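Since the structure is predicted, the reported quantities are computational estimates derived from the model, not experimental observations. Throughout, protein chains are lettered first and strands after them, A, B, ... in sequence-line order, and every chain is numbered starting at 1.
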Protein chains: 2
Amino acid sequence: MQGQEILPAIAAHLLDSARANGGKAPSERDLAEYFSVSRGQVREALAILESMQVIERRAKSGIYVNTDKSGFEAMAFFARAGIPLENRQIYEAVEVRKIHEIKAAELAAVRATDEDFERLQDVLERSEQRIAAGEGIDALDQEFHLQIVRATQNTLFLSICTSFYELGRQRLEVYFRDPERNRKSHEEHKQIYEALVKRDAALTSALMVSHLRGVMSYWTELLEPHAPGS
Amino acid sequence: MQGQEILPAIAAHLLDSARANGGKAPSERDLAEYFSVSRGQVREALAILESMQVIERRAKSGIYVNTDKSGFEAMAFFARAGIPLENRQIYEAVEVRKIHEIKAAELAAVRATDEDFERLQDVLERSEQRIAAGEGIDALDQEFHLQIVRATQNTLFLSICTSFYELGRQRLEVYFRDPERNRKSHEEHKQIYEALVKRDAALTSALMVSHLRGVMSYWTELLEPHAPGS
DNA sequence: CGACTCAATCTGGTATTACCAAAATGGAAC
DNA sequence: GTTCCATTTTGGTAATACCAGATTGAGTCG
């Protein structure tokens with residue numbers, strides 16, 4: 001635990017401590033000692049966590065962890081840090097991600113440039129190679145979907161969707177262990193690409209809907225115990 | 001500049017310095033002296049800005065500002081800090097916000113609870129009072145729209161949309177200086193509310209589309225010089 | 001026993017000082 | 001003009017000290 005990112009470690013420790021202590025986290029000095037770093041380092045990490053609304057620092061009182069807060073920034077950070085999310089958060093993220101990707105497909109069909117098409121085709125070719133070699137296309141799947149978002153020419157849109165992908169990266173790897181899923185996913189990607197080239201927004205969008213239905217059901221199936229929304 | 005948030009000030013100063021200096025920002029020591037704070041304070045602010053990808057800190061080299069980076073977190077922060085955005089960023093934000101709100105209206109029609117309806121009605125009543133008193137409903141407008149998002153029962157969705165509102169708050173105030181706009185906006189809000197109560201998702205969504213067309217055109221008109229996406 | 005009081009303690013907020021080592025710099029040597 | 005090396009600059013990190021409000025707990029009073 002040296003010279004490296006202590007932020008994730010501190011975040012995880014704060015969450016644990018707070019859970020066992022009614023929202024109250026250890027003091028800065030305790031944290032510094034626990035992680036064998038200076039108080040300054042701890043304060044830098046806490047400043048970031050506070051900016052993400054993960055914690056609240058009350059002067060002369062202590063550090064309090066915002067439970068249940070599911071801010072976008074915080075979720076993206078947790079995902080990146082490998083801190084597990086609650087089922088409800090995953091449900092919500094899946095839903096919001098679907099909304100984004102479907103709309104992105106629609107917009108991309110209208111706005112995609114020649115370079116966008118080239119990049120998509122490149123991803124498809126590399127996917128083909130990996131499938132032929134019996135390897136998973138999890139990274140390529142991400143590239144394909146994000147490239148479509150990029151084709152909307154809206155960088156803010158891309159920024160948000162990129163964060164969503166970080167949310168589900170780990171599960172994606174598991175998903176693409178199954179060769180059949182790889183093949184099916186790739187076929188659907190090709191169909192979506194064809195619809196994009198035709199600039200058929202409605203068709204692209206519809207294909208994306210059904211494509212995501214398949215992929216996303218994998219997530220929600222894993223969470224079955226916890227009933228949706230209600 | 002004491003005891004208070006120096007983060008916005010430092011952010012603004014970094015952006016200025018970098019613009020005039022090819023991406024390179026002053027050193028931590030210079031910043032500390034410039035703002036009359038300790039280096040520790042500067043480092044806390046820089047840590048936050050780095051976590052938002054606004055800057056990059058290269059060890060033993062310097063602080064570099066990521067120009068053109070339009071990450072979601074950074075934009076929300078800039079808006080909150082009162083740092084002006086570029087036209088392109090505003091365009092993108094308006095587009096993404098529209099996508100969210102339209103979909104939110106659709107989902108809310110299906111999922112809104114009795115409490116949601118009560119809160120919406122409350123907002124409408126208060127709006128009525130303010131309009132009768134000849135006051136602007138800018139804050140209520142925000143409440144209304146966010147309450148609809150809240151009615152989707154998706155807290156992540158709400159978190160994202162809340163950030164979007166921060167993006168346009170200042171312009172909203174100006175917009176609602178016009179009594180006619182207040183009246184028209186309120187009328188449309190009432191129509192949307194009626195559609196929601198009927199749980200008519202398609203109608204709610206359609207009404208939101210036309211409502212936003214009116215409101216949003218105000219933004220884009222202000223930016224005319226920069227042509228839209230294509 | 002309970003409620004109140006007040007001093008000791010804890011805590012975040014801030015500043016100062018000091019080192020380290022790698023990067024950047026600038027001038028000397030070729 | 002190029003190469004090379006010593007000096008300076010810079011971010012990264014630690015240790016220490018104070019402040020003042022919040023918290024706590026012991027002691028006191030009713």
Side-chain angles (χ1 to χ4, degrees), chain A residues 1-67 69 74 81, chain B residues 1-67 69 74 81:
Chain A
M1 181 84 50
Q2 251 277 70
Q4 273 294 90
E5 276 298 356
I6 51 165
L7 214 182
I10 287 187
H13 189 247
L14 286 182
L15 261 51
D16 283 346
S17 302
R19 244 191 293 276
N21 212 344
K24 182 85 172 280
S27 72
E28 296 182 350
R29 291 168 176 84
D30 286 348
L31 289 170
E33 188 179 12
Y34 184 84
F35 288 103
S36 303
V37 294
S38 72
R39 215 182 130 199
Q41 295 301 301
V42 171
R43 280 189 63 81
E44 272 192 55
L46 293 179
I48 294 172
L49 292 173
E50 189 179 48
S51 81
M52 298 191 305
Q53 302 197 48
V54 173
I55 61 168
E56 189 185 334
R57 295 193 283 184
R58 288 183 213 153
K60 286 89 187 231
S61 171
I63 300 161
Y64 301 84
V65 177
N66 285 138
T67 51
K69 267 278 164 45
Chain B
M1 182 84 48
Q2 250 276 71
Q4 275 292 92
E5 277 298 356
I6 50 166
L7 213 182
I10 288 187
H13 189 248
L14 286 183
L15 261 51
D16 283 346
S17 302
R19 245 190 292 276
N21 212 345
K24 182 85 173 279
S27 71
E28 296 182 350
R29 291 168 176 85
D30 287 347
L31 289 170
E33 189 179 11
Y34 183 85
F35 288 103
S36 303
V37 294
S38 71
R39 214 181 132 200
Q41 295 301 301
V42 171
R43 281 189 62 81
E44 273 191 53
L46 294 179
I48 293 172
L49 291 173
E50 188 180 47
S51 82
M52 297 190 305
Q53 303 198 46
V54 173
I55 60 168
E56 190 185 333
R57 295 193 282 184
R58 287 182 214 154
K60 285 89 187 228
S61 171
I63 300 161
Y64 301 83
V65 177
N66 286 136
T67 52
K69 265 279 165 44

Worksheet item: When we call it a touch if two heavy atoms are under 4.0 Å apart, what does A:Ile63 touch: a base, just sugar-phosphate, or nothing?
Response: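 Answer is sugar-phosphate: A:Ile63 comes under 4.0 Å of backbone atoms only.
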Practice prompt. With heavy atoms under 4.0 Å as the rule, sort B:Gly62 into base, sugar-phosphate or nothing.
Written response: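 Here B:Gly62 touches the backbone only, sparing every base.
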Side chain of [X], base of [N]: donor and acceptor closer than 3.5 Å?
X       : N      : value
A:Arg57 : C:dG13 : no
B:Arg43 : D:dG12 : no
B:Arg39 : D:dG12 : yes

Discussion item. Would you call the rings of B:Tyr34 and B:His13 parallel, tilted or perpendicular, taking 30° and 60° as the class edges?
Written reply: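 B:Tyr34 and B:His13: parallel rings.
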Measure the distance from [atom1] on [X] to [atom2] on [N] and round it to the nearest whole Å.
X       : N      : atom1 : atom2 : result
A:Asp30 : C:dT9  : CG    : C1'   : 14 Å
A:Glu28 : D:dA15 : CD    : P     : 16 Å
A:Arg29 : D:dA14 : CZ    : P     : 16 Å
A:Tyr64 : C:dT11 : OH    : C1'   : 9 Å
A:Glu56 : C:dT11 : CD    : P     : 17 Å
B:Gln41 : D:dC19 : CD    : C1'   : 14 Å
A:Glu33 : C:dG12 : CD    : P     : 14 Å
A:Phe35 : D:dA15 : CZ    : P     : 16 Å

Practice prompt. Hey, which sits more toward the 5' end of DNA chain D by its nearest nucleotide, A:Lys60 or B:Ala25?
Written response: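 Counting from the 5' end, the first nearest nucleotide belongs to B:Ala25.
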Worksheet entry | Candidates A:Ile63, A:Leu14, A:Ile10 - the one meeting side chain to side chain contact (heavy atoms under 4.5 Å, CB included) with A:Pro26 |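 Result for side chain to side chain contact (heavy atoms under 4.5 Å, CB included) with A:Pro26: A:Leu14.
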Discussion item. A quick test of your reading: do over 12 heavy atoms of other residues, nucleotides or ligands sit less than 6.0 Å from CD of A:Glu56?
Written reply: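 More than 12 heavy atoms, drawn from other residues, nucleotides or ligands, come within 6.0 Å of this atom.
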Worksheet item: In this structure, are over 12 heavy atoms from other groups packed under 6.0 Å from A:Glu50 atom CD?
Response: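 More than 12 within 6.0 Å, yes.
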Worksheet item: Is B:Ser61 near enough to D:dG11 that one of its side-chain N or O atoms lies under 4.0 angstrom from OP1 or OP2?
Response: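 For D:dG11, OP1/OP2 do not have a side-chain N/O of B:Ser61 under 4.0 Å.
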Worksheet entry | Of the listed nucleotides C:dG13, C:dT16, C:dT11, the one nearest the side chain of B:Ser38 |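 Within the option list, the nearest is C:dT16.
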Worksheet item: Between atom CZ of B:Arg39 and atom CG of B:Asp30, what is the distance when rounded to the nearest 0.5 Å?
Response: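 If I round to the nearest 0.5 Å, the distance is 11.0 Å.
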